[in-house]
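Here it is, the structure in full.
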Amino acid sequence: MEHGNLVVSSSPHIRSKESVNSIMYNVIIALLPATVAAIYFFRLRAFLLIAVSIIAAIAAEAIILKIRKKPIAINDGSAIITGLLLALTISPAMPLWMAVVGSVVSIGIGKQVYGGLGSNPFNPALVGRAFLIITFPVQMTTWINPIDGLATATPLGLQKMEGIGTGYLELLLGNVGGSLGETSALLLLIGGLYLIYKGIIRWYIPVSYLGTVAAMSLILGSDPIFQLLSGGLMLGAFFMATDMVTSPVTKKGQLIFGIGAGLITIIVRLYGGYPEGVLFSILLMNIFTPIIDKYAMPKIYGEVKSK
Amino acid sequence: MKKLTFKGGTHPPHSKKATEKLALEKANAPKIVVIPMQQHIGAPCDPIVAVGDEVKVGQKIGEAKGFVSVPVHSSVSGKVTAIEPRLYSGGTKVTCVVIESDMQDTIHESVTSKGSLEALSADDIKNIIKEAGIVGMGGAAFPTHVKLAPPPEKNVDTVILNGAECEPYLTADHRLMLENPEDVVYGLQAFMKALNVSKGYIGIEDNKMDAIEAMEKAAQGKEGIEVVALHAKYPQGAEKQLIYACTKREVPSGGLPADARVVVNNVGTAAAVAKAIKTGMPLVERIVTITGEGISNPKNLFVKIGTSFREVIEQCGGFKGNPQKIIAGGPMMGIAQFNIDIPVIKGTSGILTLSENELQLSDPLACIKCGRCIEVCPIGLLPTKLESFSSRNMLMEAENYHVLDCIECGSCSFICPAKRRLVESIRLGKAQVMAEKRKAKA
C-alpha cells in the first residue's frame, strides 16, 4: 500500500468554498438588473458607456500591474466592478472618452497607487466619479429623460432648485432623469437584497445608512420615502458603502459608518450646494474607517484579566 | 429542547456520513506496537522495561516524571525488541518502546477491578486515573488527573463532558455515546466525586440527536447530571466555548476553566476512566475514526495504542485513488503527516485521508477586509490584524490585540475568501510572544 508525496501544511485542512472571485462575481450579478435597466432606458448610449468604462478599468488595472511587476490579477473581477459602478454613476449624456478618463483615474489613483486590491482607503469608483464631477461638471450634470430623450433634471435637482416633486412609482421604476444606474430604486434594492441573502454583505451598513436618511428626513421635515428612492442612495447604500476594503470590519463599526454616511447625505441634500450627497458621504466616511476600526472592536471572550 | 451555543463560530461541512452509522469494531491485533514515552502534554516518561523483557497487556512500561505527566502501558503481551527514538504524529522523534506481540493478549496481574465508585475516595479516584495513564482523549492529551486537582480556592462546582465532536469527519465520540453511554455517565460520576461537585453536564451537538437520546437514557435518575443539546457549530467543542454554552460563564483571559469554576473532560476520557475503575485496565486502546475520501472503507475502530497508521489504513481497505493528505485528528485542528509508519497514540481521534477532490490548495491573495474572520472568531479577536502583526514581528502590538487569547481553532483560515493563512501566522506570533515573556521572566 503506497502513497505519493503527501501534502504537509498547517491546519485547518479544509477551506470554505467562498473566494474573492466568488464575492466579486456575486456583486456583478447583483448589479445586473440595474445595468440591464440602464441599457433599456438609455439604449446604445448606455451600453457603450458601460462597456467602455469596464474595458478601460480592466486595461488600466492590467497595465499598471504589469508596470508594478505584479501578477496580472484581472480575473478577480474587482476591476470589472469598479468600471461598472463608475458607469452607473455617470450621466448618460457623458462623452465616451470622459468615461475612459474616469475609469483610469478610478483604477490608477483610486486603487493602484495605494498598492492595489485591499489597500485603497477610498472606494475607487467614487474617486473616479469625484474626479469627473470636478473636472467635467457640465457633462456630469446634464441629464436626459429616459422617455423622450430630452434634457431634464434629476428628481433631487428638481426638488431642490425648483421645488418640483416626483412620484414614488416613477422613482421606483426608474423612468426619471439621473445617472445610468441610479434611476430605478427597485432594481437596486433587488440587487442589494440578493447580496444580503447570499451572505456577501451584511445588512448593517445599508440598513443603518438608509434608516438614518429616513429618520433624519422625518425630523428635518422632508419626505423620507422620496429621499430614500431618489438619487444615488440605493446604489450607494448597497454597493458602494458596503465595499469591504473601504468600510469598517466589525458590526459595530459598520453601523457607525452607515449612520455617519446617512447624516452627511441628508445634510448635503437639504443644506448643501449640491443636490446629491451620497458620493461625498461615502468618501468622507471612508476617511473615518481606520479610526472606526480602531475603536469599534468586538468584545473579547473572558476580557476580565484573571487574578 | 433548547439548544445552547456560543458567540462567533463557523459551519464547515460535517462530512460525518461515511462513518456515523458504522458500529465500532475491534481492529486486528497488531504484530508489533511502537509505544511513545510521550503521548501527553507534560514531561515524557522514562522507560522501565529493557530490550528482551517480556511484557503483558496493561503492564506499566514508562514511569511518569513529575506531576504533569502520566505513565504509559503496554497494549499487547510479548517481548520488547527495541527502545529507540521513532517518528510520531507530533512530527518529531520521541523515545518509543517497540514490542513484538505474542498474539496471546495475556493480561498483566496488576489489572484488577478497583471496586465500586461508592467505596472509592476522591484521592483514590485521582490516583487510579493517573496510574491508568489517562489523558484528554479529544486530541490535546492533557493529563486528566491534573485537571481534577484544581486549587481549592477556585471553588469548582461543575464538570462538563465534551461530546460536541465539532471536528468535521470524526465520529469516534458519537459512536462511543451510542454504544457505551453507561461508561460515559459512570466516568462523569467519577469526575464529580473526585472534584466533590454536584453538577455535571454532557454537551452534545444537535447533529447527533441519537447520541443525545442515548445519553439522556443512560443519565436518567443520575443525580445532578444533565444532557444538553448544543447548536452544531464549529468550534463548539473548544473548552471555553463549551463552558460558555453550558453555564454562560467565561473563562477569564489568561485563566483556566477552573477560574470559571468548571472542569471539562472529553466523553472518551470519561469512558476510559470507567474502564480503569471497573476493570483496572489502563489506557491501552482508543477509538479512532478512519475516514476521508482517500480511504476505501471508512471505519470506527478500537485500536491498540502503538498500532501503526499503515496497519490501520490497510484494515480499512487501503487508499482509494491517490491520497493527498493524511491527518492525525480532524481537518480543522489535526496535524498533517508525511509518513504513515507512525503509531496511533492516546490523542489520535482520527486518521483522515483527503483525496485530491477534498484538498483545497490555493495561494493566499491580498486581504479585502471583508471581516469574515472577525465575525467567526469565537474569542472576538481581529485575526486579520493579528496576522499582519505576527508576520511583521510586531510582537507588542500582537500582544496588545490579545494574540495569547487565540485558541487556534482555525475558523479564521477556514472562512477567509482570500485563502490567507491566518491561524498559521497567528500561531507563530503567539509562540514568539510567549517566548519573549519567558525570556523576560528569566
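By convention in this document, chain letters (A, B, ...) are assigned in the order of the sequence lines, proteins followed by strands, and residues within each chain are numbered from 1. Only a predicted model underlies this, so the values are computations on that prediction, with no experimental measurement involved.
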Under a 4.5 Å heavy-atom cutoff, which of A:Ile200, A:Asn120, A:Thr250 has the most pairs with chain B?
-> A:Ile200
Report yes if the side chains of A:Tyr301 and B:Val251 come closer than 4.5 Å at any heavy-atom pair, otherwise no.
-> yes
Heaviest contributor of heavy-atom pairs below 4.5 Å to chain A, chosen from B:Cys367, B:Gly91, B:Ala418, B:Gly334, is B:Gly334
So what's closer than 4.5 Å to chain A heavy atoms on B:Pro378: side chain, backbone, both or neither?
-> backbone
Contacts with chain A made by residues 234-241 of chain B (heavy-atom distance under 4.5 Å), listed by residue number = B:Lys240, B:Gln241
Could you tell me which of B:Ile340, B:Asn322, B:Leu361 has the largest number of non-hydrogen atom pairs under 4.5 Å with chain A?
->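 It is B:Ile340.
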The interface call for B:Ile335 against chain A, heavy-atom contacts under 4.5 Å, is backbone
Honestly, the part of A:Ile23 sitting under 4.5 Å from a heavy atom of chain B is side chain
Are side-chain heavy atoms of A:Leu117 and B:Ile368 found at a separation under 4.5 Å?
->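 Result yes, sub-4.5 Å side-chain heavy-atom pair found.
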Is B:Lys419 close to A:Ser16 at the side-chain level, that is, under 4.5 Å between some pair of heavy atoms?
-> yes
Have A:Ser9 and B:Lys325 got a donor and an acceptor in their side chains that come within less than 3.5 Å?
-> yes
So, the side chain of A:Arg15 versus the backbone of B:Ile415: is there a donor-acceptor pair under 3.5 Å, distance only?
->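 Checked: no pair found.
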Do A:Met297 and B:His402 have side-chain heavy atoms sitting under 4.5 Å apart?
-> no
Can you tell which of B:Phe319, B:Tyr401, B:Phe6, B:Phe338 has the highest number of heavy-atom pairs within less than 4.5 Å of chain A?
->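 Looking at each option in turn, the highest pair count goes to B:Phe319.
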Mind checking the CZ-NE2 spacing from B:Arg310 to A:His3? Nearest 0.5 Å is all I need.
-> 6.0 Å
Counting only heavy atoms not in A:Arg68, do more than 12 fall under 6.0 Å of its CZ?
-> yes
What residue in B:Cys370, B:Gly318, B:Ala366 has the most heavy-atom pairs under 4.5 Å with chain A?
->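 With the most close heavy-atom pairs to chain A, the winner is B:Cys370.
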Have a look at A:Ser11 and tell me which of B:Glu424, B:Arg427, B:Glu408 forms a side-chain hydrogen bond (donor to acceptor under 3.5 Å, both in side chains) with it.
->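 So, applying the side-chain hydrogen bond (donor to acceptor under 3.5 Å, both in side chains) to A:Ser11 and each of B:Glu424, B:Arg427, B:Glu408, only B:Arg427 qualifies.
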Are any non-hydrogen side-chain atoms of A:Arg202 and B:Glu375 less than 4.5 angstrom apart?
->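 SC-SC contact between A:Arg202 and B:Glu375 confirmed.
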For atom CD1 of A:Ile291, decide whether the heavy atoms of other residues, nucleotides or ligands shown that lie under 6.0 angstrom number more than 12.
-> no
Taking B:Cys416, B:Ala336, B:Cys373 one by one, which has the highest count of heavy-atom pairs under 4.5 Å against chain A?
->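 Sorted descending by pairs with chain A, the first entry is B:Ala336.
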Around B:Asn400, counting heavy atoms of other residues, nucleotides and ligands shown, do more than 12 lie under 6.0 Å from its CG?
->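 Correct, the count exceeds 12.
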If you tally heavy-atom pairs under 4.5 Å between each of A:Leu6, A:Ile201, A:Thr246, A:Val249 and chain B, the highest tally belongs to A:Leu6
Kindly compute the distance separating CD (B:Glu358) from CD1 (A:Ile14), expressed to the nearest 0.5 Å.
->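 Answer rounded to 0.5 Å: 9.0 Å.
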For B:Pro417, which of A:Lys17, A:Met24, A:Glu18 qualifies under side-chain contact (heavy atoms from CB on, under 4.5 Å)?
-> A:Glu18
Residues of residues 379-388 of chain B with any heavy atom under 4.5 Å of a heavy atom in chain A =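 Interface residues of residues 379-388 of chain B: B:Ile379, B:Gly380, B:Leu381, B:Leu382.
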Any side-chain heavy atom of A:Met244 within less than 4.5 Å of one from B:Arg372?
->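 They are in contact (side-chain heavy atoms under 4.5 Å apart), so the answer is yes.
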In this structure, are over 12 heavy atoms from other groups packed under 6.0 Å from A:Lys198 atom NZ?
->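 Not buried by this count: 12 neighbours or fewer within 6.0 Å.
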How about A:Phe288: does its CZ atom have over 12 heavy atoms from other parts shown lying under 6.0 Å from it?
->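 Count not over threshold, so no.
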Contact origin within B:Pro12 toward chain A - heavy atom pairs under 4.5 Å = side chain
Engaged part of B:Tyr244 at the chain A interface, taking heavy atoms whose separation is under 4.5 Å |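 The answer is both parts of B:Tyr244.
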To the nearest 0.5 Å, tell me how far A:Ser10 OG sits from B:Leu422 CG.
-> 11.0 Å
Check whether any side-chain heavy atom of B:Gln337 lies under 4.5 Å from a side-chain heavy atom of A:Val8, and answer yes or no.
->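 Side-chain contact under 4.5 Å: no.
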Structural part of B:Leu359 lying under 4.5 Å from a heavy atom of chain A = side chain
